[in-house]
Amino acid sequence: MKITLKDGSVKEYTEAKSVIEIAQDISEGLARVACAGEVNGERVDLRTVISEDCSLNILTFNDKGGRDAFRHTASHIMAQALKRLYPQVKLAIGPSIDDGFYYDVDGVTLSTEDFPAIEAEMKKIVKEDLKLERFEMPREEAIQYFKEKEEPYKVELIEDLPEDAVISFYRQGEFTDLCAGPHLMSTKPVKAIKLMKLAGAYWRGNEKNKMLTRIYGTAYTKNSDLEAYVNMLEEAKKRDHRKIGKEMGLFMLADEGPGFPFFLPKGMVLYNTLQQYWREIHDREGYVEISTPIMLNRSLWETSGHWDHYKENMYTTVIDDQDFAIKPMNCPGGMLVYKSQPRSYKELPLRIGEIGLVHRHEKSGQLHGLMRVRCFHQDDAHIFMMPEQIKDEIKGVVRLIDEVYQLFGFKYFVELSTRPEDSMGSDEDWEMATAGLQGALDEMGLEYTINEGDGAFYGPKIDFHLIDAIGREWQCGTIQLDFQLPQRFEAEYTGPDGEMHRPIMIHRVVYGSFERFIGILIEHFAGKFPTWLAPVQVKVLHISEKYFDYGEKVLAQLKAAGIRCEMYQRNEKIGYKIREARNERVPYMLVVGQKEEETGSVSVRSRFAGDEGAKELSVFISEVQKEIADKVNRPEVPETDKKATANK
């Protein structure tokens with residue numbers, strides 16, 4: 001049999017081999033760090049035996065699939081520790097998640113004070129080097145097994161499976177759990193473990209069911225990586241956009257509108273600056289802008305497919321005995337704009353942008369500041385094109401998204417998400433759409449991973465995941481290729497042959513939503529925005545009341561130059577004013593007193609370099625105007641270096 005590896009090389013074997021045996025044949029080093037395998041795109045155990053030609057990827061902790069197997073094993077280790085310490089505990093589910101794992105349990109009262117004992121027992125299980133064994137049982141036998149173990153939640157899960165289902169289990173020492181896998185070969189590699197927090201969670205996510213205790217944890221291969229993660233979480237607390245947003249007066253949340261954020265004056269400056277930049281680059285790239293109604297009738301949403309596929313997330317009402325829905329997406333309105341007049345191939349590609357306010361019903365427990373809201377402004381664009389224009393248009397969008405993310409200092413990685421189970425359209429259309437996206441990425445030489453089954457219901461998509469200043473990932477930009485909506489809306493254009501043809505449609509966002517992107521920016525910069533983006537760019541600080549009038553003159557010249565500025569009004573000591581301006585994260589402070597008034601200058605202090613010395617006001621204005629126009633992101637000098645500069 002021939003085994004094609006990720007790098008394109010081929011291994012040949014005359015007999016069946018397990019994934020771990022193939023990993024050992026490649027290298028002992030790879031076998032030591034292997035966590036799972038991927039056979040023909042399907043994630044499997046290292047113990048899985050391969051007996052025919054296939055493609056194989058050995059997954060380590062550096063791969064998402066490998067991390068999932070590693071942390072899923074950690075969740076079983078935690079469940080085993082709980083069973084040892086609290087034999088009466090009832091186990092529900094315990095999956096891996098993006099940053100760790102959790103297990104939902106019942107029958108025991110826990111607090112974070114219990115974590116050290118649980119962690120100690122987990123470490124003991126790790127040292128025992130228990131081998132994980134996979135085995136199967138018929139459904140009825142599996143039900144009886146868990147009834148005898150007095151595990152009602154496991155019984156319920158199995159009872160929901162088909163009668164002819166064969167149920168898989170994993171055993172490690174005395175502990176056995178219902179699980180589809182994959183898992184590590186042994187408990188030994190899970191050396192760096194930390195339990196993080198407790199939360200309540202309804203059984204199966206249904207508020208009508210019993211509230212269980214959810215224990216969150218995380219696991220790494222090395223203690224140094226675990227410590228780095230814990231330090232990142234501490235830094236994330238300091239950068240929490242809800243805390244900084246309140247301190248800087250950017251936005252507020254009110255009990256009268258849960259999930260519906262209020263932007264305050266300084267937050268609107270930030271929002272409008274981002275919007276202006278968005279319009280500048282889209283105008284340059286040949287987009288036209290539209291605005292579509294916030295509410296449209298049911299027939300539109302039935303035509304688009306949202307009424308059948310997305311209704312539970314939509315707010316609806318009745319007007320004149322007709323069902324209406326507040327739009328959760330802008331695209332159906334964009335389709336009506338396209339259809340509002342006859343179209344010719346000469347107009348294509350037609351790039352239509354919209355900053356549209358959309359509403360989606362989110363459960364209250366999922367709401368989180370600006371990151372998860374019920375209404376937000378989506379920076380949509382819909383591109384209508386001919387088949388031969390697909391790759392060039394996708395490349396153009398990728399370049400635009402890259403330009404924006406580079407400006408803000410984000411690194412990112414790309415995922416290609418394929419057809420989900422709940423989809424519409426023919427196999428042929430899906431294959432063509434997926435090939436179009438994949439071909440564009442390949443031609444651009446962009447690295448990407450395949451995210452099987454996570455596409456939109458109408459088409460595959462490319463997702464851009466930002467990596468912020470402290471290493472967290474955020475999904476923002478997306479490109480979705482859609483053959484379905486143009487068909488459902490019977491959109492057409494006249495081709496060069498004089499016949500009517502169906503356009504193909506790209507849905508794409510760059511920010512994702514203004515609200516979420518602002519939340520990400522607040523945390524990425526810790527509120528210390530680049531000067532061009534800062535709500536207040538310069539703060540004028542007068543040394544005493546005697547120089548208030550000169551401060552007012554400086555302020556007037558700054559405003560006349562288009563610089564966003566404020567003057568500290570209260571009569572406090574200059575040291576206090578400087579500290580306050582620092583807390584407000586203002587890029588520049590201009591200190592004015594007798595010397596400055598006499599020379600028509602200002603003493604410049606910046607967030608970037610501390611004391612920058614005296615400058616003529618006109619020179620300072622010119623420098624800041626250029627910094628704003630060029631959208632420069634000046635790096636900050638460490639505090640020790642600022643002090644050294646000030647003492648020179």
Side-chain angles (χ1 to χ4, degrees), residues 1-77 79-80 93-97 101 126 129-139 141-142 145 157-158 161-162 164-173 175-190 219 221 418 421 449-454:
M1 64 179 176
K2 293 183 179 180
I3 308 297
T4 305
L5 302 177
K6 186 179 180 181
D7 62 1
S9 62
V10 177
K11 288 275 187 181
E12 293 193 28
Y13 301 98
T14 57
E15 57 186 21
K17 294 275 185 183
S18 67
V19 175
I20 190 63
E21 287 174 331
I22 296 171
Q24 287 166 341
D25 185 44
I26 296 169
S27 86
E28 284 296 329
L30 176 62
R32 280 194 298 272
V33 297
C35 296
E38 200 171 59
V39 176
N40 295 330
E42 181 181 352
R43 209 175 293 169
V44 299
D45 266 343
L46 292 171
R47 53 186 71 72
T48 299
V49 175
I50 299 173
S51 58
E52 57 186 23
D53 294 355
C54 68
S55 63
L56 172 65
N57 184 14
I58 308 295
L59 302 174
T60 71
F61 190 82
N62 292 327
D63 304 296
K64 183 181 184 306
R67 282 195 301 278
D68 285 347
F70 187 95
R71 287 169 171 166
H72 198 173
T73 302
S75 79
H76 279 219
I77 293 170
Q80 184 176 14
I93 58 170
S96 64
I97 52 178
F101 59 89
V126 169
D129 189 14
L130 301 176
K131 302 297 181 273
L132 276 85
E133 305 168 73
R134 185 183 187 278
F135 65 95
E136 297 177 346
M137 284 188 203
R139 180 175 176 274
E141 191 177 330
Y145 175 84
L157 289 171
I158 298 170
L161 296 174
D164 60 350
V166 177
I167 315 301
S168 61
F169 293 77
Y170 281 81
R171 177 168 45 227
Q172 57 197 55
F175 177 73
T176 299
D177 204 355
L178 169 72
C179 191
H183 281 281
L184 301 181
M185 300 292 288
S186 148
T187 61
K188 186 178 180 180
V190 190
T221 56
T418 59
E421 290 184 13
T449 57
I450 304 290
N451 188 6
E452 296 287 352
D454 200 43

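This chain uses plain numbering: 1 for the first residue, then up along the sequence. Values reported hereafter were calculated over all heavy atoms of this structure, with side chains retained and with hydrogens, waters and symmetry mates removed.
Residues that satisfy the side-chain hydrogen bond (donor to acceptor under 3.5 Å, both in side chains) test with Gln172, not counting sequence neighbours, are Gln80. Residues forming a side-chain hydrogen bond (donor to acceptor under 3.5 Å, both in side chains) with Lys6 (at least two apart in sequence, or on another chain): none. Take Glu136 and apply the salt bridge (Lys or Arg N to Asp or Glu O under 4.0 Å) test, not counting sequence neighbours, and it matches Arg134. In terms of the salt bridge (Lys or Arg N to Asp or Glu O under 4.0 Å) criterion, Arg139 has no residue partners (sequence neighbours excluded). Partners of Asp454 according to the salt bridge (Lys or Arg N to Asp or Glu O under 4.0 Å) rule, which considers only residues two or more places apart in sequence or in another chain, do not exist here. Under the rule for a side-chain hydrogen bond (donor to acceptor under 3.5 Å, both in side chains), the partners of Thr418 that lie at least two apart in sequence or sit in another chain are Glu452. For the side-chain hydrogen bond (donor to acceptor under 3.5 Å, both in side chains) test, no residue two or more places apart in sequence or in another chain qualifies with Ser168. The ring pair (Phe, Tyr, Trp, His ring centres under 6.0 Å) test applied to Phe70 returns Phe61, not counting sequence neighbours. With sequence neighbours excluded, no residue forms a salt bridge (Lys or Arg N to Asp or Glu O under 4.0 Å) with Lys188. Scored by the ring pair (Phe, Tyr, Trp, His ring centres under 6.0 Å) test, Phe175 finds no partners at all (sequence neighbours excluded).
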In residues 10-18, what donor-acceptor pairs under 3.5 Å come from side-chain atoms, sequence neighbours left out?
{"from": "Tyr13", "atom 1": "OH", "to": "Asp25", "atom 2": "OD2", "distance (Å)": "2.7"}
{"from": "Ser18", "atom 1": "OG", "to": "Glu21", "atom 2": "N", "distance (Å)": "3.2"}
{"from": "Ser18", "atom 1": "OG", "to": "Glu21", "atom 2": "OE1", "distance (Å)": "3.4"}

Would you mind writing out the side-chain donor-acceptor pairs for residues 36-44 within the sub-3.5 Å range, not counting sequence neighbours?
{"from": "Asn40", "atom 1": "OD1", "to": "Ser55", "atom 2": "N", "distance (Å)": "2.9"}
{"from": "Asn40", "atom 1": "OD1", "to": "Ser55", "atom 2": "OG", "distance (Å)": "3.3"}
{"from": "Arg43", "atom 1": "NH1", "to": "Asp68", "atom 2": "OD2", "distance (Å)": "2.9"}

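Atom OH of residue Tyr170 and atom NE2 of residue His76 lie 8.5 Å apart, to the nearest 0.5 angstrom. To the nearest 0.5 Å, atoms CG (Leu56) and CG (Asp53) are separated by 12.5 Å. Atom CG of Leu46 sits about 7.0 Å away from atom CD1 of Ile58, to the nearest 0.5 Å. Taken from CZ in Arg32 to CD in Gln24, the straight-line distance is 10.5 Å, to the nearest 0.5 Å. Separating the CG atom in Leu161 from the CD1 atom in Ile167 is a distance of 4.5 Å, to the nearest 0.5 Å.
Looking at Cys54 and Ile3, their side chains come closer than 4.5 Å, going by heavy atoms from C-beta outward. For the pair Thr176/Phe135, a side-chain contact is recorded, criterion being any heavy-atom separation below 4.5 Å from C-beta on. Residues Val33 and Thr221 form no side-chain contact, since every pair of their non-hydrogen atoms from C-beta on lies 4.5 Å or further apart. Between Leu30 and Thr60 there is a side-chain heavy-atom pair separated by less than 4.5 Å. Side-chain contact check for Val19 versus Asp45: every heavy-atom pair is 4.5 Å or farther apart.
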Leu59/Asn57 under side-chain contact (heavy atoms from CB on, under 4.5 Å): CA gap, chis, key distance, verdict: CA-CA 6 Å; Leu59 302 174; Asn57 184 14; 3.5 Å; yes
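The backbone N or O of Phe101 lies less than 3.5 Å from no partner atom in the side chain of Ser75, so there is not a single donor-acceptor pair. Judged purely by atom type and a 3.5 angstrom limit, Asp7 uses its side chain to pair as donor or acceptor with the backbone of Ser9. Listed for the Thr187 side chain is a donor-acceptor partner under 3.5 Å among the backbone atoms of Leu130.
The two residues Ala31 and Ile20 have their closest heavy-atom pair at O-CD1, 3.9 Å. Across every non-hydrogen atom of Val190 and Ala74, the tightest pair is CG1-CB, 3.9 Å. Looking at every heavy atom in both residues, His72 comes nearest to Gly94 through CD2-O, 3.4 Å. Nearest heavy-atom pair, Arg71 versus Ser96, reported as atom, atom and distance to 0.1 Å: CB-CB, 4.0 Å.
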